[in-house]
Amino acid sequence: MSRKCLSKATLNPGQALLTPAWLLSLSAMALNDHVLKGAGLLPDALTGKLSDIAGMMVAPSLLAVLTGTKTTRGLLACHAAVAAVFAGINVSHGFANLWSNVMGLVGMPWSITTDPTDLLVLPLMPLCWALTVPAMRKGYRAWHDASVVGPAARHALTGLGALACIATSPPDDGWNGEVFYEDIQADVYIHNSNIDQSLTVRVRHLKQGVELDCADVVQNPGKYLQAPVFGEAFTWTMPPETTAAVYPSAPSARECHAVLLESDVMEPAVVFWRSDNIYRSSVPGQITSESQYTGGAVIADFGDEGELGTFSGYTSPTIVFPQTGIDEETDPLCERVDPGNRLAWSVPPAGSRELIEVEAGLDGCYAIKTALPGQEPDANPFYLCLPEIEFPFVAGDIVGISTLHALSIDLQSRDGVPVEEGAELSLHVATGSPSYNLRGMQISSVTEQSCAPVPEDECGTVAGKVNVSARYLGADQTDLTLGVNGEVVGNDGNTATVHVTYAEDFAVTHSSCYQGPDAPATEIEFAAVMRGPLAP
């Protein structure tokens, strides 16, 4: 079939609803769902498949009518959509739960049993096409008198078909006519505790790139987990007394999880829990008694008229925390470090290089042009920004450049004279690790316990103050102050000038937004000029 035919063919899907095949399938579906299932007249295996078979005939044409499809391409899309949903709910428990929850929003949750053997009816889809599509085309000679059976009949059948496809059969013989809500699979879930009012709630999961130090965050989740770390909202409209999983499918493998709950009638709240405390299990789709709650229950309690309600946890210790702001004043000694002071450098050429030109800018950044000794200069310089520490090399020096663990530049010769053994002059620039060993000098860091972690409001990262020190082996320790040059002296005459530009211990990281570690860790950044006893 040509692409032109697919896009321009004019069809009338409503005519298919009056074919004997479609009418018989609709009747079989309704009879099976509301009479035969559970009656014991036919084997359960047969009643379980009968509705699936009839649905393959009813649903595609019905979807085409409801979407106003008029082309062959659109009709193919309707068949494909029906097949995809049918396959999804029969191979994935998570998809089945999600679909049941979606249907619950219109008051018609499906009672779904995930059964991969139901996929055996999918080959009937081409039969549906063959029996219904010809009736949609112009010139089709119907079995009925069009003057008697007109648009009104088609509209009525559309309504009956939609009702048959979304309405569930009674769950048991004691059904009293109320809607039955399918059980859900969940670790943590929301329960609308109101008996006569629906609840619209927005659930926001952690963004990609956000990682948590669970031991730190649990101290104050409502403060440490701010809006920037949460993604777009999934909105659920929950009928009275119903439940909804905060993760419709199993959450990713984490030590702990967090979501943000928002609603126009509720105070916002952070839900935070550890994976080893709450497990995924079957939860009633509708809860009418506290005895039905499990450990993962988050209860929406409506407020009095004109007042906002609250979310609360069922278990102790709680998993629900009111979200607080970060406007409270922080001790100046514990404030976050300005990330604008961090070091920066471009990728330098490695190995033995001659410094052809060293040009210092007013901003503390150097443009450094190099060449292989005795060769033409490189086309482009590399750049290195050093706050408060002067670049210790000059044009004409031969240096060794390494980027193995940090950027290290070592003097090899000056004015044509090789450096004598022990006359070290080197520059080291490093970022990332909480500790470094630089040729006998140890740089260490430790979190300041008197300072609680502090969140920032742009990316939502949370970090605490870190103290940094340095010492040569066997010599006294020197405590280093952020942003100030520190002089470290060894027993054998070695000295070092160390400038720490950044030091924080992260409890919440956001790698896609904030320059820092990909996961919670202590990160320090420094530049150090080290000199041997005979160095100039």
Side-chain angles (χ1 to χ4, degrees), residues 188 203-233 246 251-262 267-275 277 311 313 317-342 431-435 445-468 482-483 500-525:
V188 173
V203 182
R204 298 175 59 187
H205 299 160
L206 291 173
K207 285 181 179 177
Q208 188 75 22
V210 173
E211 297 293 338
L212 312 179
D213 184 321
C214 303
D216 284 339
V217 173
V218 73
Q219 304 302 318
N220 197 341
K223 176 183 176 182
Y224 295 157
L225 298 177
Q226 294 295 313
V229 302
F230 295 101
E232 295 297 322
V246 297
S252 58
R254 287 177 177 264
E255 182 183 348
C256 56
H257 303 278
V259 298
L260 176 62
L261 302 184
E262 299 171 324
E267 296 281 1
V270 171
V271 184
F272 175 85
W273 71 100
R274 299 182 66 97
S275 301
N277 287 345
F311 294 103
T318 185
I319 60 174
V320 182
F321 305 86
Q323 190 177 46
T324 59
I326 56 176
D327 296 332
E328 60 187 67
E329 291 188 8
T330 301
D331 186 329
L333 296 177
C334 301
E335 289 180 347
R336 294 288 302 271
V337 180
D338 183 358
N341 296 330
R342 297 179 73 121
T431 180
S433 176
S435 63
S445 62
V446 60
T447 302
E448 175 56 66
Q449 297 300 317
S450 64
C451 290
V454 178
E456 51 84 34
D457 56 6
E458 183 174 347
C459 294
T461 63
V462 179
K465 182 182 178 181
V466 168
N467 297 318
V468 184
L482 203 67
V500 180
T501 61
Y502 192 87
E504 288 195 300
D505 179 25
F506 282 86
V508 177
T509 58
H510 191 173
S511 60
S512 60
C513 177
Y514 192 88
Q515 181 185 355
D518 292 337
T522 296
E523 182 176 65
I524 64 173
E525 183 174 86

> SG/C459 to CD/Q515 distance, rounded to the nearest 0.5 angstrom?
Replying inline: 11.0 Å

> Which value, rounded to the nearest 0.5 Å, describes the distance between I319 atom CD1 and C256 atom SG?
Replying inline: 13.0 Å

> Taking C-beta and beyond as the side chain, do E335 and V454 meet within less than 4.5 Å on heavy atoms?
Replying inline: no

> What are the two closest non-hydrogen atoms of D505 and V466, and how far apart are they?
Replying inline: N-CG2, 3.3 Å

> Is there a donor-acceptor pair under 3.5 Å between the side chain of T447 and the backbone N or O of Q449?
Replying inline: no

> Hey, are the side chains of K223 and F321 touching, using non-hydrogen atoms and a 4.5 Å cut-off?
Replying inline: no

> With no hydrogens and no angle check, is any side-chain donor or acceptor of Q226 less than 3.5 Å from a backbone partner on V462?
Replying inline: no

> Can you find a heavy atom in the side chain of L225 that is under 4.5 Å from one in the side chain of V508?
Replying inline: yes

> Looking only at heavy atoms, what is the nearest atom pair of V218 and P221, with distance?
Replying inline: O-CD, 3.5 Å

> Does L261 reach the side chain of V271, with side-chain heavy atoms less than 4.5 Å apart?
Replying inline: yes

> A258 and L212: which non-hydrogen atoms are nearest, and at how many Å?
Replying inline: CB-CD1, 4.3 Å

> Going by atom types only, do E211 and T509 share a side-chain donor-acceptor pair under 3.5 Å?
Replying inline: no

> Is there a side-chain contact between Q208 and S512 (heavy atoms, below 4.5 Å)?
Replying inline: no

>> Quick one, Y224 with V229, criterion side-chain contact (heavy atoms from CB on, under 4.5 Å). Give me CA distance, side-chain angles, the key distance, then yes/no.
In response: CA-CA 10 Å; Y224 295 157; V229 302; over 6 Å; no

> When rounded to the nearest 0.5 angstrom, what distance separates CG in N467 from CD in E448?
Replying inline: 5.0 Å

> So, for A269 and L260, which heavy atoms are closest and what is the spacing to 0.1 Å?
Replying inline: O-CD1, 3.4 Å

>> When you measure from the side chain of H510 to the backbone of G516, do you find a donor-acceptor pair of N or O atoms at a distance under 3.5 Å?
In response: no

> Which heavy atom of P228 sits nearest a heavy atom of G460, and at what distance?
Replying inline: CB-N, 3.8 Å

> Are I524 and Y502 close enough that some pair of their side-chain heavy atoms sits under 4.5 Å apart?
Replying inline: no

> Of the non-hydrogen atoms in S445 and P434, which two are nearest, and what is the gap between them?
Replying inline: OG-O, 2.6 Å

>> Any heavy-atom pair between the side chains of S275 and H257 that's under 4.5 Å?
In response: yes

> Quick one: CD on Q323 to CZ on F230, what's the gap to the nearest 0.5 Å?
Replying inline: 6.5 Å

> Would you call K465-E504 a salt bridge at under 4.0 Å N-O?
Replying inline: no

> Is there a donor-acceptor contact under 3.5 Å from the side chain of R204 to the main chain of G231?
Replying inline: yes

>> Can you confirm whether T461 sits close enough to F506 that some side-chain heavy atom of one is under 4.5 Å from a side-chain heavy atom of the other?
In response: yes

>> Tell me whether the count of non-hydrogen atoms from other residues, nucleotides or ligands lying under 6.0 Å of CG in D331 goes above 12.
In response: yes

